[in-house]
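Working notes, beginning with the structure itself.
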Protein chains: 2
Amino acid sequence: MTLACDTCPVRAKAACSALTDEERSALARLGRTRELKRGERLFAAGDEITACATLIEGALKVAATDAEGNESILALVHPAGFIGEMFAPFPSYEVTALTDSRVCQFSRAHLEAAVERHPALGIALLQRAQEDLHSARELLDLSRRKTAAARVAGLILAFARAASDSPCHPAESFDLPLTRGEMAAMLGLTIETVSRQLGELEAMGAIARKGARGIALVTPAQLGELAV
Amino acid sequence: MTLACDTCPVRAKAACSALTDEERSALARLGRTRELKRGERLFAAGDEITACATLIEGALKVAATDAEGNESILALVHPAGFIGEMFAPFPSYEVTALTDSRVCQFSRAHLEAAVERHPALGIALLQRAQEDLHSARELLDLSRRKTAAARVAGLILAFARAASDSPCHPAESFDLPLTRGEMAAMLGLTIETVSRQLGELEAMGAIARKGARGIALVTPAQLGELAV
DNA sequence: CGAATCTTTGAAGAATGTCAAAAGCTGTGG
DNA sequence: CCACAGCTTTTGACATTCTTCAAAGATTCG
């Protein structure tokens, strides 16, 4: 499958935007796009072949699964996000599609060569890695909040900010991008506790719900206080 | 204070090892070393000036503190580790010395210029950022283990591996680098729970303790099972 | 429309947090 | 060398929160 960088929806935001059109085209010939259906796995922990990818559309999750099958979600990946460990011997975590997705995938060797040839690409990847590090630390902080109420309130605020066009103000209403189980796996709680906390938040008038996924922020300030 | 790269104990491992001696000397003239006593802060969240640093000796912690003064430890930094967000507008977290430490500090502007001039430095920083990301995700996974026993057992194993010379086998005996309170802040538990779990681990014969900090691994396999 | 999945709700039990106090360790100064 | 002050660690009893187990209600999608 051939890459069509010219019509790529993330061509302005992805790491490859650090390259000129010709440089990007040369890199494109070494990669390929891959379509993933919801629930399909892009990488698995321990895979022998290590690849890297940029998410074009959809959403992915990075997760660890323990022996009993409990999943711990370590990161969400949005379009233009980069996935892949360029220096580790093999992938450490599973990467799975949350919704139908499309990625632009490269072998690690090709990407390494491109980074050596084009310093700007390395800088773009460095920026992305530092942003990912920041996100991981935010999630770490959120996952350790003392009460379940603080964790759920904080997650809803995070989703509201991500759903908003403006960087400052959270969206007033939006759809939760995750199931209860996935929210639980992001917060270190059980499905039931997440469900009950959402009910509490609605009962106390901080949010309103429409169906299982729809959320409206009634009192954002109250949410912020609950999130501590 | 002038930098003495020639005698720097981390000259072979730090990011600046990607540079030639002359390049490093040029960069060195723009930086300065700084000594920190135990508990002293290197950066605070919200500081206006953003700086970057390499740890030369000692140990640092990256932490977030909430309104009630509860600390959540997001990362430990060992010698040759790099600290600093090169692309964020201001530092997001506090960086504090766990023990008396010495760092090699640069302004962000100088470091950015050096990265543009020396692509190998950018690649070295990229590798470090991806390693830090990996560590953050490991800690995230550890912090979400269901039981306090699994978290404490996992942390002890992580310390044992860090204390070992060989990368494969954990050290058989070592000193805990953190207080109970700091361990609690790494795991999302209370001091009392950490203390009780250590007692349990000793009572069941997985570890032996010598004083408040000394640990000997009696049954590493048992620890591994407890850590799930 | 029906099957599968996801969500909600309830009741009971286990685990951790909280509060309080004793014991151990460390470093300073007499 | 000892004594003391300050800090860290341990231990106990109790309250609270979360998890577990179970089952019924929604929602989604073929």
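Labels below follow one simple rule: chain letters A, B, ... track the order of the sequence lines, proteins then strands, and each chain is numbered from 1. Since we're looking at a predicted model, the values are computed, not measured.
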Discussion item. Would you say A:T99 and A:R38 are linked by a side-chain donor-acceptor pair, where the criterion is simply a distance under 3.5 Å?
Written reply: no
Discussion item. I'd like the C1' distance from C:dG13 over to D:dA24, given in whole Å.
Written reply: 22 Å
Practice prompt. May I have the distance from A:E71 (atom CD) to C:dC6 (atom C1'), rounded to whole angstrom?
Written response: 15 Å
Discussion item. So A:L198, base contact, sugar-phosphate only, or nothing? Heavy-atom distance under 4.0 Å.
Written reply: nothing
Worksheet item: Considering only side-chain heavy atoms of B:E192, which listed nucleotide, D:dA22, C:dT18, C:dT16, is closest?
Response: C:dT18
Discussion item. Nearest whole Å is fine: how far is C:dA21 P from B:I191 CD1?
Written reply: 18 Å
Worksheet item: Can you tell me if B:E35 and B:S101 form a side-chain donor-acceptor pair at under 3.5 Å?
Response: no
Worksheet item: Which residues within residues 209-219 of chain B lie with some heavy atom under 4.0 Å of an atom in DNA chain D?
Response: B:R209, B:A212, B:R213
Worksheet item: OP1, OP2 of C:dT7 versus side-chain N and O of A:R180: anything below 4.0 Å?
Response: yes
Worksheet entry | Distance, rounded to the nearest Å, where B:R38 contributes CZ and C:dG27 contributes P | 10 Å
Discussion item. Does any part of the side chain of B:L60, heavy atoms only, come nearer than 4.5 Å to the side chain of B:L98, both counted from C-beta?
Written reply: no
Discussion item. Starting the side chain at C-beta, find the nucleotide from D:dC18, C:dT18, C:dT16 nearest to A:L189.
Written reply: D:dC18
Worksheet item: Does any non-hydrogen side-chain atom of A:D175 lie less than 4.5 Å from one of A:K210?
Response: no
Item to complete: Mind checking A:T193 for me? I need base, sugar-phosphate or nothing, with any heavy atom below 4.0 Å counting as a touch.
Response: base
Fill in: Contact under 4.0 Å: B:T179 side-chain N or O vs D:dT8 OP1/OP2
no
Practice prompt. Using a 4.0 Å heavy-atom cut-off across all strands, classify A:S195 as base, sugar-phosphate, or nothing.
Written response: base
Item to complete: Classify the side-chain pair A:R41/A:T96 by whether it contains a donor and acceptor separated by less than 3.5 Å.
Response: no
Worksheet item: At under 4.0 Å between heavy atoms, what does B:Q197 touch on the DNA or RNA strands: base, sugar-phosphate, or nothing?
Response: sugar-phosphate
Discussion item. Before you tell me yes or no, could you show the steps for B:E85 and B:S92 under side-chain hydrogen bond (donor to acceptor under 3.5 Å, both in side chains), namely the whole-Å CA-CA distance, both residues' side-chain angles and the distance that decides it to 0.1 Å?
Written reply: CA-CA 8 Å; B:E85 296 169 281; B:S92 309; 3.2 Å; yes
Discussion item. Could you check whether B:T33 and B:Q105, counting side-chain N and O atoms only, form a donor-acceptor pair closer than 3.5 Å?
Written reply: no
Worksheet entry | For atom CE of B:M183 and atom C1' of D:dT10, their distance in whole Å | 14 Å
Discussion item. Measuring to OP1 and OP2 of D:dT19, would you say a side-chain N or O of A:T190 lies under 4.0 angstrom away?
Written reply: yes
Fill in: Nearest-neighbour nucleotide for the B:A148 side chain, C:dT8, C:dT16, D:dT9 considered
C:dT16
Practice prompt. Return the value, rounded to whole Å, for the distance between atom CD of B:E68 and atom C1' of C:dG17.
Written response: 14 Å
Worksheet item: Which whole-number value in Å describes the distance from B:R145 CZ to D:dC18 P?
Response: 21 Å
Worksheet item: For the pair made of CG in A:D100 and C1' in D:dC29, what is the distance, rounded to whole Å?
Response: 13 Å
Worksheet item: In whole Å, what is the span from the NZ atom of A:K146 to the P atom of C:dT18?
Response: 8 Å
Worksheet item: About how many Å separate NZ of B:K61 and CD1 of B:I73, when rounded to the nearest 0.5 Å?
Response: 5.0 Å
Discussion item. When you measure only distances, ignoring hydrogens and angles, does the side chain of A:R196 come within 3.5 Å of the base of C:dG10 through a donor and an acceptor?
Written reply: yes
Item to complete: Pick base, sugar-phosphate or nothing for A:G39, based on heavy-atom distances below 4.0 Å to the nucleic acid.
Response: nothing
